[in-house]
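One structure is given below, encoded as structure tokens.
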Amino acid sequence: MEKFDLGGTDIINWTQTIVWEQGTRHLDATCPACGTSAAMPVRLHVRSPWPPHPEQPLVTCPGCDTAFHPTMTQPPYEAVLDPLVDVYLEQNAGIDVMAELLAAVDPTRARRYIEIGCGFGFLLDYARVAFGWEARGFDPGYSARAGRTVLGVDIEHIYLNTAADAGAESYDVALCAEVIEHVFQPESLLLILRDVLTADGTLLLTTPSASGIRPETQPGTLLSLLCPGYHYALYSPKGMEALLRRVGFTQVSVQDRGHTLRVAASKGPLQADLARPFDRRSYHDYLRTRIGTTDPTTPLGIGYRYRLLKELTNAGDYAGAQAALTGVAEACRLRWGIDLSDPAGLLAALSTAPMPASIDAYHDSHPFCLGSILYFQGILTWQADARLDLARVCFQAATLASERMRATLRIIGADDEESEELMWRSRTYVSHLLIWSEPGQAAEDIRTLGQTPSALLGERIPTRFLDGAQRQIFIDLVNLGQYAAADRLASPVEAALPSDGAVLASAAFAFGILSMNHRKAPRAAASWFEKAYAACRRIAEAAPAAAPGLMWSALYHQAHALADAGRKDEAAEALRPLLAESGDARLPAVDTELKQRARQLAGARRLPL
């Protein structure tokens with residue numbers, strides 16, 4: 001199969017080809033979701049990576065808020081040797097995300113499973129290994145051909161033109177993950193899916209959400225959502241429900257996760273529950289099974305190994321994660337000659353290496369998941385080994401490796417959302433890990449990060465990462481007694497505080513400690529502790545099990561600060577709930593030691609209780 005020439009090898013920042021419009025330009029179009037025909041406002045336009053790189057306007061339907069490209073033409077999916085297959089296998093296949101969607105269905109109530117646009121076939125393989133389902137997929141693309149060979153799954157390399165093409169027997173579950181956004185006639189596809197299901201069968205579907213198309217969406221995520229030249233329609237929850245009901249699905253549930261829609265639908269009683277918890281242990285078992293059957297030097301082999309490392313690290317199983325890291329390190333050594341035990345040497349090599357001219361050139365020297373591997377290695381080195389200096393080097397290398405990979409993907413107008421996220425998390429940890437050795441430098445480094453573009457793509461750190469990192473570093477510096485360093489972050493942290501919730505509670509408590517111990521401002525400290533207590537109490541009254549542990553401590557400190565400020569009546573009022581014999585049943589009990597300290601405070605300050 002020939003590789004399609006996407007034109008040139010320049011690393012193009014495709015996000016810079018996105019031009020936002022004010023809605024004054026309109027195009028006549030018909031919405032693929034709700035069927036509205038009208039002059040629709042153009043939200044933005046973006047260049048296509050397909051030669052000759054035409055401008056593609058994106059319009060928004062006034063009837064349902066679905067966004068789509070009315071001038072786009074269908075790319076030759078089945079005729080292209082996908083240059084991103086190895087990227088998909090090693091890094092960006094969200095096997096867990098798709099498996100989580102399958103968890104909406106009780107596996108004991110299903111037997112036959114069909115997947116349209118199954119790609120490499122990971123979910124077909126997972127469904128048969130984890131659940132014992134009969135699984136069959138349909139996908140004409142290159143990666144499906146590779147998956148059928150490597151995984152041995154049942155994939156037909158055709159488009160479904162009629163329900164009869166899927167066979168005579170109906171299916172209990174149908175999955176269409178990240179497919180419908182590519183389809184120019186979605187009604188035709190959904191009618192086929194409706195007809196291949198049993199009377200109470202379930203259609204599960206994921207697709208990018210139109211709600212994520214906003215100027216403030218971080219660049220890599222926005223580019224992944226738009227996927228210029230490939231994604232025809234980005235559905236809104238309202239548009240997706242209208243489309244499904246129009247083709248005969250009478251029961252529809254749509255979940256908008258900000259960047260992704262998760263959908264369950266049926267033409268009979270809905271057997272799926274999108275809120276059903278996902279037992280990740282079955283996914284871990286699947287990964288272990290496949291690690292035992294794959295060559296570690298292949299893209300599939302290192303992809304399985306990296307995903308197990310990620311899963312076990314996120315689960316806090318550090319012993320298991322260390323063992324998984326050993327397998328990943330061996331794969332990197334055998335395939336690319338990379339020594340993960342020497343992150344400083346790897347950082348130096350990455351810092352001086354020229355940028356590759358193509359995706360293939362990049363892959364000759366590095367796995368696509370290298371940045372992500374280094375991120376989780378950094379977490380383990382920090383949390384499990386407490387080797388902070390080495391962890392910091394891991395995060396520096398992860399930052400650079402992730403950006404190099406993303407820059408290479410930009411050659412063909414692609415990006416990877418997870419690599420973008422881990423790149424910025426790594427960069428904030430580079431600052432965070434200084435708080436124990438160089439607290440002043442930690443504060444200065446995270447303050448200046450917001451004004452410092454990234455080395456290769458020239459991107460600015462998204463606000464949500466910067467605000468969260470500054471807040472956590474501020475809190476940790478206060479807890480360490482590094483008040484002068486914390487005070488340097490106080491202004492940006494205070495400006496970004498939310499109005500309520502656990503984040504406000506923890507930050508307000510830290511501001512209270514800083515005001516008492518460093519600024520010597522007891523009235524200000526009392527105000528901060530009052531905010532922390534009030535936020536904790538609202539959480540506790542709504543969900544007692546979620547009550548932050550600092551709730552009663554915040555009230556005690558409020559009383560202490562008020563006493564320091566000479567406001568004895570108010571201090572006594574604050575202490576009364578701590579000393580009450582029978583408390584509010586909705587609230588957690590007061591710790592015995594804290595209650596004793598409250599009595600001592602009342603006695604020492606002669607508070608009028």
Side-chain angles (χ1 to χ4, degrees), residues 6-20 44-50 53 56 58 67 69 75 80 82-94 97 119 143 178 181-182 206-210 212-232 234 258-260 303 306 355-363 366-373 375 398-427 453-462 464-465:
L6 290 173
T9 59
D10 292 337
I11 296 175
I12 299 171
N13 189 339
W14 291 92
T15 60
Q16 293 181 1
T17 75
I18 299 170
V19 178
W20 294 90
L44 59 81
H45 59 261
V46 60
R47 282 174 55 194
S48 169
W50 296 93
H53 309 299
Q56 292 182 339
L58 184 81
H69 293 285
V80 179
D82 188 345
L84 296 176
V85 171
D86 289 344
V87 182
Y88 182 76
L89 298 183
E90 293 180 8
Q91 168 62 37
N92 64 19
V97 176
S143 64
E178 307 302 304
E181 64 272 13
H182 299 269
T206 66
T207 190
S209 172
I213 307 301
R214 304 186 304 273
E216 60 269 25
T217 298
Q218 60 197 66
T221 301
L222 180 61
L223 194 62
S224 296
L225 289 171
L226 290 172
C227 199
Y230 286 93
H231 287 179
Y232 167 63
L234 301 162
H259 299 148
T260 302
Y306 155 64
M355 281 304 302
S358 68
I359 287 179
D360 289 340
Y362 177 94
H363 202 217
H366 301 96
F368 292 110
C369 54
L370 178 60
S372 300
I373 290 169
Y375 171 84
T399 300
L400 184 53
S402 294
E403 189 170 23
R404 280 176 58 86
M405 192 273 276
R406 293 181 57 218
T408 305
L409 294 186
R410 294 286 179 91
I411 292 173
I412 61 166
D415 206 327
D416 180 62
E417 184 176 351
E418 183 180 42
S419 293
E420 180 185 29
E421 176 161 338
L422 297 187
M423 165 185 144
W424 288 118
R425 290 196 184 281
S426 295
R427 180 58 187 86
S454 64
L456 300 178
L457 296 175
E459 294 178 349
R460 303 277 181 161
I461 182 171
R464 68 185 181 95
F465 289 115

Measure the CD1-CE distance between I461 and M423 for me, rounded to the nearest 0.5 Å.
-> 8.5 Å
If only atom types and distance count, is the side chain of H231 paired as donor or acceptor with the main-chain N or O of L225 below 3.5 Å?
-> yes
pair I359-L409: side-chain heavy atoms closer than 4.5 Å | yes
Is the closest side-chain donor-acceptor distance between E459 and S454 under 3.5 Å?
-> no
Which pair of non-hydrogen atoms, one from Q218 and one from P462, has the smallest distance, and what is that distance?
-> CB-CG, 3.8 Å
Which is it for L234 and T207 under the side-chain contact (heavy atoms from CB on, under 4.5 Å) test, yes or no, and what are the steps along the way?
-> CA-CA 7 Å; L234 301 162; T207 190; over 6 Å; no
Looking at D86, V87, T408, which hits side chain to side chain contact (heavy atoms under 4.5 Å, CB included) with Y362?
-> T408
Could you list the residues that satisfy salt bridge (Lys or Arg N to Asp or Glu O under 4.0 Å) with E418, not counting sequence neighbours?
-> K310
Sequence neighbours excluded, which residues qualify as ring-ring contact (aromatic ring centres under 6.0 Å, His included) partners of H363?
-> W336, F368
Just wondering, do P228 and L223 contact through their side chains at under 4.5 Å, heavy atoms?
-> yes
Provide the closest heavy-atom pair for A361 versus S358 in the form atom of the first, atom of the second, distance.
-> N-OG, 3.0 Å
Between E421 and R464, does at least one N-O distance fall below 4.0 Å, as a salt bridge requires?
-> yes
Would Y232 and E181 count as a side-chain contact (heavy atoms from CB on, under 4.5 Å) if you check the C-alpha gap in whole Å, the side-chain angles of each, and the deciding distance to 0.1 Å?
-> CA-CA 6 Å; Y232 167 63; E181 64 272 13; over 6 Å; no
Spatial distance of atom OG (S419) from atom CG (N92) [nearest 0.5 Å] | 7.5 Å
Got a second to check how far D416's CG is from M405's CE, nearest 0.5 Å?
-> 4.5 Å
Does some side-chain heavy atom of L457 sit less than 4.5 Å from a side-chain heavy atom of E403?
-> yes
Evaluate the side-chain proximity of H259 to S209: yes if any heavy-atom separation is below 4.5 Å, no if none is.
-> no
With a 4.5 Å heavy-atom cut-off, do L226 and L58 have their side chains touching?
-> yes
Are any side-chain N or O atoms of S426 and backbone N or O atoms of L422, one a donor and one an acceptor, separated by less than 3.5 Å?
-> yes
Within a strict 4.5 Å, meaning less than it, do heavy atoms of the V19 and V46 side chains meet?
-> no
State the CD-CZ distance between Q91 and R406, to the nearest 0.5 angstrom.
-> 11.0 Å
Verdict with reasoning, Y306 to S372, per side-chain contact (heavy atoms from CB on, under 4.5 Å) | CA-CA 8 Å; Y306 155 64; S372 300; 3.2 Å; yes
Is the closest side-chain donor-acceptor distance between S402 and E420 under 3.5 Å?
-> no
Smallest separation among heavy atoms of S48 and Q56, with atom names | CB-NE2, 3.5 Å
Intermediate values then yes/no, side-chain hydrogen bond (donor to acceptor under 3.5 Å, both in side chains), T206 and E178 | CA-CA 5 Å; T206 66; E178 307 302 304; 2.7 Å; yes
If you measure from the Lys or Arg side-chain nitrogens to the Asp or Glu carboxylate oxygens, is any gap between R410 and D415 under 4.0 Å?
-> yes
